[in-house]
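For reference, the structure discussed in these notes is given below.
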Amino acid sequence: MGKYQIGEFEEVVLLTVAILHGEAYGVSIRKEIEVKLERKVSIGALQSCLDRLSKKGYLTSADGEVTSVRGGRPKRYFQITIAGKKALEATKEMRNRLWNEIPQIVLDLKSVSL
Amino acid sequence: MKIQPPQLALMFFRWFCRRDLRDHIEGDLLEFFDENVHIKGPTAAKRIFIYEIIKLLHPRIIRFFYSGLKLNFLGMSKLNFLLALRRMKRNRVHALINIFGLTVGLVAVTLMLLYINYESSYDQFDDRLFRVERIYQTDKVKETWNSTPYPLAAELINKIPEVQEAFNLRKTSNYLVVNEAVFLEKNGLFADQPLLQLFPFNLIKGNPKTALSSPGSILLSSTLAHKLFPEGNYLEQTISLDKTLEVKVTGVFEDFQQNSHLEADYILSFETIGNYGLDSWQGRGSVCYIQLNNSSRAAQVETQIASFLDNYLTQESYYTETLQLRPVSDIYLQSSRIRGGLGKSSERTVIYLFLAVAIFTSLITALNYMNASSAELINRDLEIGIKKVMGSSRGNFALQFMIEALLVAVIGFILALGITFVSLPFYNELVNKPLTLSLITHWSFLLKIFGFTMMAGIIVGLYPTLYLSALKVSNLITGNSTVRRKSTARKALVTFQLIISMPLIFTAILMSEQINYLQNRDIGFNKHNLARTRLTVNSPQMDQKLRAFKEELLQESRIIDCSITQTGPYHSGNSMNVSWQDGSQEEHVMLRTHDVDEDFTGTYKMEIVEGRNFNDDLPSDAATGLIINETTKRYFKWNSAVGKRLSSNGIDYRIIGVVKDFNDYTMFKRIPPMALRLRTQVYDQSLVSVRVSGNPDESLQFLNTVFNETFPQEPIQFELLTNDFDRSYLSSLDSVSKVFIFFSALAIFLAALGLYSLVSFATQLQQKMIAIRKVLGAGITGLFTMLLKEYLLLFLIAAVLGLLSTYFIAIQVMDVMAYHTTVKISYLLIGGAISLGVVLASVSAKIFFTTRANPVDSISRE
């Protein structure tokens, strides 16, 4: 389990990259997170997270074609690696296991009275 | 038109961003910006753009700042460190001189600063002291006294609402008798109760609210309490004061802080003094301290009380007396011109002198360090050239030179710290101060010293970085670099060093001359072999007995002369107002007086320069006879004083003689106008002065024995005047000047050291030239003078500038002392000669060895 430890934001980014399969670059990832999760993300936070995930080997990246739209700057496309996928699976599995261990009575609770 | 994002922000981003991330993040930023321009408008888009860039300042995104090639920073530092150590090892003498000079300089500066800190810390150890002011009284002849009439304190509280509290102090010295054991204590105070509240007083025993409120109370310092009552249990004990009055111990106080201007071993409640003049506005028997209430300013109160005394002084008082306030914290350093003695005081000039030496020493130290370090660079042009060829950037050089410079600085600082800690106890003994240095309480002070050292280190490291990296590589490698030629700056530094070391030499000579002068100065009487004691004469019978005993005593061969007086030099004194009627004009002066007998001038070996001495058998001498001193004669501008009349309090005095000026108290102050009056009978306090011959200690023993046998009910303890005399002023001045001379010598030594290392590098450059000259047949003497000439010229410039400025400063400084030696031109010459000697010694030693070297050694090396 300890092998694939990723943070919550890292998980979100990894998932988004996976969702945007082939189309994942800075702006699109950001937009996706903002729309789907209704959550503000700064470029700084996102880029440092992407850099971190690449260092860990969960993402690979390649520079795309140069267009005039972005002031002549290339897009950097990210793609999830096998290790990244495994990390996501491990995280999900861990979640499920923990969910399953919650007693039924807790899930049935409507409100907590003390 | 396409809307552009803020360029400055973008440039900033491009500057700090990691190179591998820069392009695509910039693309993202621009894309995002364009989108925002459409959605939110250009202004908001620009704001968001800047905001996003600020948020991009993330450690993962900021690039690694390192100029040029991205080298292994840690590895390079390690290598540079190693290189620096190796260089020190190879150039051992130079490294030692460099570190040694820095260390010695730092130790000296630290010790001096500690002294200065301590001297200016007097009476600042407690917040309460900042609200206390001392009152001074200035009379018509512009003499300022710290003593005021006793009723002033109470009247100020009554009449001036701003004055919250006030109390009086007065010095005293007494015999304290406990169970027949007699202790002569000279350090006592009479004080009013509020002293205990206004001053930071730590009563170990007793009630601080009442300890001094009733007559016959005495407080003892814990040291004195232990001395008087070794078995403990001090409170409520009775002590006999001079065997005449019983006083009760009402408390024990912690010894005064050393940096308090007040000092006392015991404190008596003021009323214990009896009714003796306490209600008189004419006297000046006590020193008054007041505390203002929180809201009032001293300056404002000062104007209110300036002419306060006018309402109380009676018609006969000829003086317009004004009052001033002075904060307690100013007393220690600013009372040297104040008359009347209470509390410790020093000379502010001494502090300034110390500060000047400290600044000079630190300048010399820093210059030395810079000089020596940069001089060494001339041998490194090849190394630097090759490094440049290999691609070293300015940053690389900066790292290397900084590490080298700071290594020396850090070693010097640590050594200096150790030496300072070790030498502090000796230093304390020398300056007679309880200076302390601890890492915990003095951390900010030490941090400043450390900062100073590091600053010097950084400047030392910066110079080669900026200078060498600007040089052309080809010149460096071929050995034609300007490093080898440009010595103007270095020469200027040496000259400057010589200039500032000259005042030090000069002042050191002057100081030792001054001490010599004071020690050997004619003080107007012979202070050697004079034994004195005070004695309380409480009845006419006792007075007769004492005089009869005096005649008996004079039969002894070892007793030369004996005088019974009321007061004497260095043993209190009285004062009287006199006026002289000169036609219609009336002149006044306050005379310091001693009531003496006819043997006084003989016993003290004073000289009567005009007229005659007193005669005990002439009733007219006792009634109206007066002997004045030369100062008084000068004051009235008399050609001949004998026969002139002075009146005081209705008595018409007749001047029968003039005594040569004699010193009455500290030599920092001028001799005041004085007069002697004849008193054939003494009451109350008296002073017995005996001139003895032979071994003074044996005579002292003898006197003590016979006196105590004759007057068993009186406590008597003879002491030699020289002891008191030296303690009073010479010791403090002596130790200060010793320290001063020591540090000056140190600074001069440092300057010589710097000169030596500089010359050694300069001559190294000229080695080849010397060798070729030698091969061509030049003699050693010729070479020697040729090389020396250059330095002598520098010396000459330095000497003229340095000595001239010193001369004028010294004249100013010397004026502070009442008695000083004259600033002679010969001192200038001696100062010049000494520094010339230093220059010659350091320069010629090096040159000598260079000229003696075998020319083959330096020519063959290429």
Side-chain angles (χ1 to χ4, degrees), chain A residues 6-10 12-14 16-17 20 22-80, chain B residues 1-66 70 72-74:
Chain A
I6 50 175
E8 188 265 349
F9 186 62
E10 288 177 332
V12 169
V13 173
L14 261 184
T16 316
V17 172
L20 292 170
E23 288 297 321
Y25 72 101
V27 177
S28 67
I29 300 170
R30 209 174 103 111
K31 220 179 274 170
E32 187 74 12
I33 295 175
E34 278 181 7
V35 173
K36 290 252 168 71
L37 301 181
E38 292 172 357
R39 154 175 187 174
K40 281 264 174 214
V41 180
S42 74
I43 297 179
L46 178 67
Q47 290 294 342
S48 68
C49 183
L50 287 170
D51 187 55
R52 202 157 53 234
L53 288 170
S54 306
K55 284 261 161 61
K56 286 181 179 175
Y58 298 156
L59 291 177
T60 58
S61 59
D63 278 355
E65 74 291 357
V66 176
T67 59
S68 60
V69 189
R70 288 159 51 96
R73 306 288 171 212
K75 288 175 183 171
R76 180 163 289 179
Y77 288 106
F78 291 90
Q79 201 156 19
I80 192 159
Chain B
M1 200 190 88
K2 200 166 183 271
I3 286 159
Q4 292 293 325
Q7 291 302 313
L8 212 64
L10 193 64
M11 267 163 66
F12 175 61
F13 165 75
R14 291 183 61 83
W15 174 73
F16 75 75
C17 186
R18 248 167 67 186
R19 293 295 177 258
D20 58 326
L21 299 177
R22 189 169 68 185
D23 282 356
H24 78 267
I25 293 181
E26 190 185 330
D28 282 2
L29 275 170
L30 294 175
E31 189 180 334
F32 185 51
F33 174 76
D34 284 341
E35 216 176 281
N36 276 337
V37 172
H38 290 297
I39 303 168
K40 298 179 177 158
T43 330
K46 277 180 189 165
R47 202 189 59 235
I48 291 168
F49 184 81
I50 292 169
Y51 191 49
E52 287 291 342
I53 283 179
I54 290 168
K55 284 206 282 189
L56 270 164
L57 284 167
H58 188 284
R60 286 200 93 87
I61 293 168
I62 294 173
R63 74 185 162 99
F64 184 70
F65 282 95
Y66 195 72
K70 199 176 142 191
N72 183 345
F73 180 80
L74 201 68

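Naming: A, B, ... by sequence-line order, numbering from 1 per chain.
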Over 12 non-hydrogen atoms of neighbours within 6.0 angstrom of CD in A/Glu38: no

For residues 32-41 of chain B, which residue pairs pass the side chain to side chain donor-acceptor pair (under 3.5 Å) check, not counting sequence neighbours? A/Lys31-B/Glu35, B/Lys2-B/Asp34

For B/Leu8, does the CG atom have more than 12 heavy-atom neighbours from other residues, nucleotides or ligands under 6.0 Å away? no

Using non-hydrogen atoms only, which part of A/Arg30 is less than 4.5 Å away from chain B: side chain, backbone, both, or neither? side chain

Is there any residue in residues 22-29 of chain B with a non-hydrogen atom under 4.5 Å from a non-hydrogen atom of chain A, and which ones are they? B/Asp23, B/His24, B/Ile25, B/Glu26, B/Gly27, B/Asp28, B/Leu29

For chain B, which residues of residues 42-51 of chain A have heavy atoms nearer than 4.5 angstrom: A/Ser42, A/Ile43, A/Gly44, A/Gln47, A/Ser48, A/Asp51

For B/Lys55, what residues pass the side chain to side chain donor-acceptor pair (under 3.5 Å) criterion, not counting sequence neighbours? none

Side chain, backbone, both or neither of B/Leu30 within contact of chain A (heavy atoms, under 4.5 Å): side chain

